[in-house]
Number of protein chains: 2
Amino acid sequence: MPHHLIRKLEQFTKLSRDDRQALEAAAAKRRSFAEHSDIIREGDDPAYVNLILEGWACRYKQLDDGRRQILSFFVPGDLCDTHIYILREMDHSIAALTPVTLAEIPRSILERITNERTRVTKALWWDTLVSVAIQREWTVNLGQRTAIERLGHLFCELFLRLRGVGLTEGNSCMLPLTQVELADAMGLSNVHINRTLQELRRSGLVALKGKRLTIPDLDALQKISLFNPNYLHLEHDGRHLDADEPTSP
Amino acid sequence: MPHHLIRKLEQFTKLSRDDRQALEAAAAKRRSFAEHSDIIREGDDPAYVNLILEGWACRYKQLDDGRRQILSFFVPGDLCDTHIYILREMDHSIAALTPVTLAEIPRSILERITNERTRVTKALWWDTLVSVAIQREWTVNLGQRTAIERLGHLFCELFLRLRGVGLTEGNSCMLPLTQVELADAMGLSNVHINRTLQELRRSGLVALKGKRLTIPDLDALQKISLFNPNYLHLEHDGRHLDADEPTSP
DNA sequence: CTGGAAAAATAACACATGTAAATTAACTTA
DNA sequence: TAAGTTAATTTACATGTGTTATTTTTCCAG
């Protein structure tokens, strides 16, 4: 069932049958969360490593006066901090944006994998390094890019990440985010997100309809967003990764 | 010589004499960099893990049109990405802000430590997790905080990090950064950094003179910056950490 | 010391984005 | 299918921060 994770890791390195089974076994303990519920809260003691199986979640942090920053989006196949249990308490929260099913991987199992499965361990390290690179790229996004570049950049990133786990269809993918959530992620007001989305639509760079995002010309969107995919470290250029159809129509 | 790193790690866990010696040995290969030179560039193949021994450095990323975002500051005791060699190429650059001495730790030695020294490995994981938490906090900083909160927050963070490695004197520490560098780190223009610094000075929250930062009332600065130190995971409350004198005068 | 470069400070003006409030559209669910 | 709720859109206006250019100060090398 953690096939999205396995698929993602296999972008980096081929795994053996045993490796895959070890990951299957690790993800045995399932749990479901309702839309908008907190999966874990700032201050909590992190007991498990969460692996998103279905649905979207986000990491966020709330300031004392209520301002909220969304720090990352989690999609199927994403691990929430491989070694988080080393810390005494969470410094941020994780919430379900849609109904979510996840696997709670106990520390002991992860430690066993680390001791016994070099390939998997290395692939998990790769995944961790990419997550951190994504966090850095968000810092660049908030610090340097204009509103339209920022949103465009986010859409490019999400599309490529989803394609990496086989969750795109042609040039479109799900995008179950409200404008308020986009605003909290991009450090902009919801009003300005609305304006910016309209500009992106008007220029034909994206289509957004009923929680579905379509990017007619990914290269063009990457260009205006100053998007460079190198930080995703997709070493096998990603051609073969679309589940349903070839990239060009 | 990597005593700053050792001191930092011992905030998290006590190390044995052997552990410390292993770290000493790992840092045998030294290298120096001139002020403003690049230590490693985006696109390079990362061969070593760099450990800053002396001086300040920064991680940065440059957009095609020249805009630059500083992503983190490195001070003595900081490791630049413990497992970076897993990636094929760097997705960002690292530059010396002052003259820098660092140790190039080869992959093989780090792997040996990981296999033989549980304590050190765990402490390095803690350090990695804290670095990532800092990156997240920078995202919050750029996304949600106003100019004055942002700068105040940065100063609180740097002061506490330096205190953790014994590089503060009373309520002051070095701050070898130009206003342009501060601007690139905070996603603000240098003009606005100047305005904001003046406001911080006028209100008596910080004093800045000749590359030295003084924070007369850390609590007050934390308050106006909405600074919550939990993300630094200083589990031993940090009282005893000042090198020269007790925290209160 | 002194000249020259880098850094900091100042000034005037522009504009991207925020705020607040009201309206319309899109879903849910009884 | 209609009520009720949430999300999206629109409008008008305010403001924080950016831009460009100039001046002043600080810092060093010679």
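Note: hydrogens, waters and symmetry copies are ignored here, and every other heavy atom, side chains too, is used. Note on naming: letters A, B, ... go to the chains in the order of the sequence lines (proteins, then strands), and numbering restarts at 1 for each one. What you see is a predicted model; the values in this text were computed from it and never measured.
Going from atom CG of B/Leu177 over to atom P of C/dA6 covers 18 Å, rounded to whole Å. The separation between B/His192 atom NE2 and C/dA16 atom P is 17 Å, rounded to whole Å. Rounded to whole angstrom, the span from the CZ atom of A/Arg202 across to the P atom of D/dT9 amounts to 12 Å. Rounded to whole angstrom, the span from the CG atom of A/Asn194 across to the P atom of C/dG18 amounts to 13 Å. The nearest whole Å value for the distance from the CD atom in A/Glu199 to the C1' atom in D/dT10 is 16 Å. As rounded to whole Å, 9 Å separates atom P of C/dG18 from atom CG of A/Asn190. Taking atom CG of B/Leu142 as the reference point, atom P of D/dG18 lies 11 Å away to the nearest angstrom. Going from atom CD of A/Glu35 over to atom P of D/dT6 covers 12 Å, rounded to whole Å.
Ion pairing between a basic and an acidic side chain is recognised when a charged N comes within 4.0 Å of a carboxylate O; B/Glu169 and B/Arg212 show such pairing. A salt bridge does not link A/Arg195 with A/Glu199: none of the charged nitrogens is closer than 4.0 Å to a carboxylate oxygen.
For CZ of B/Arg41, the number of neighbouring non-hydrogen atoms (other residues, nucleotides, ligands) closer than 6.0 Å is 12 at most. No more than 12 heavy-atom neighbours from other residues, nucleotides or ligands sit within 6.0 angstrom of CG on A/Asp64.
Among the heavy atoms of the strands lying under 4.0 Å from A/Arg201 are primed sugar atoms or P, OP1, OP2 only; no base atom is included. Note on B/Arg67: nothing from the nucleic acid sits closer than 4.0 angstrom, heavy atoms only.
With D/dA8, C/dA8, D/dT10 as the choices, the nucleotide that has an atom nearest any side-chain atom of A/Gln179 turns out to be D/dA8. With distances taken from any side-chain atom of B/Ala147 to the nucleotides C/dT17, D/dA8, D/dT17, the minimum falls on D/dT17. Nearest to the side-chain atoms of B/Arg195 among the listed nucleotides C/dA8, D/dT9, C/dA12 stands C/dA12. Among C/dA7, D/dT9, D/dT11, the nucleotide with an atom closest to any side-chain atom of A/Val191 is D/dT11. The nucleotide whose nearest atom lies closest to any side-chain atom of A/Leu188 is, among C/dG18, D/dG18, D/dA7, C/dG18. Of the candidates D/dG18, C/dG18, D/dT17, the closest approach to any side-chain atom of B/Ser189 belongs to D/dG18.
Looking at A/Asn141 and B/Gln69, their side chains never bring a donor and an acceptor atom within 3.5 Å of each other.
Where A/Gly187 and B/His36 meet DNA chain C, the nucleotide closest to each residue was compared, and B/His36 sits on the side nearer the 5' end.
Between A/Gln198 and D/dA8 there is no side-chain N or O to OP1 or OP2 distance below 4.0 Å.
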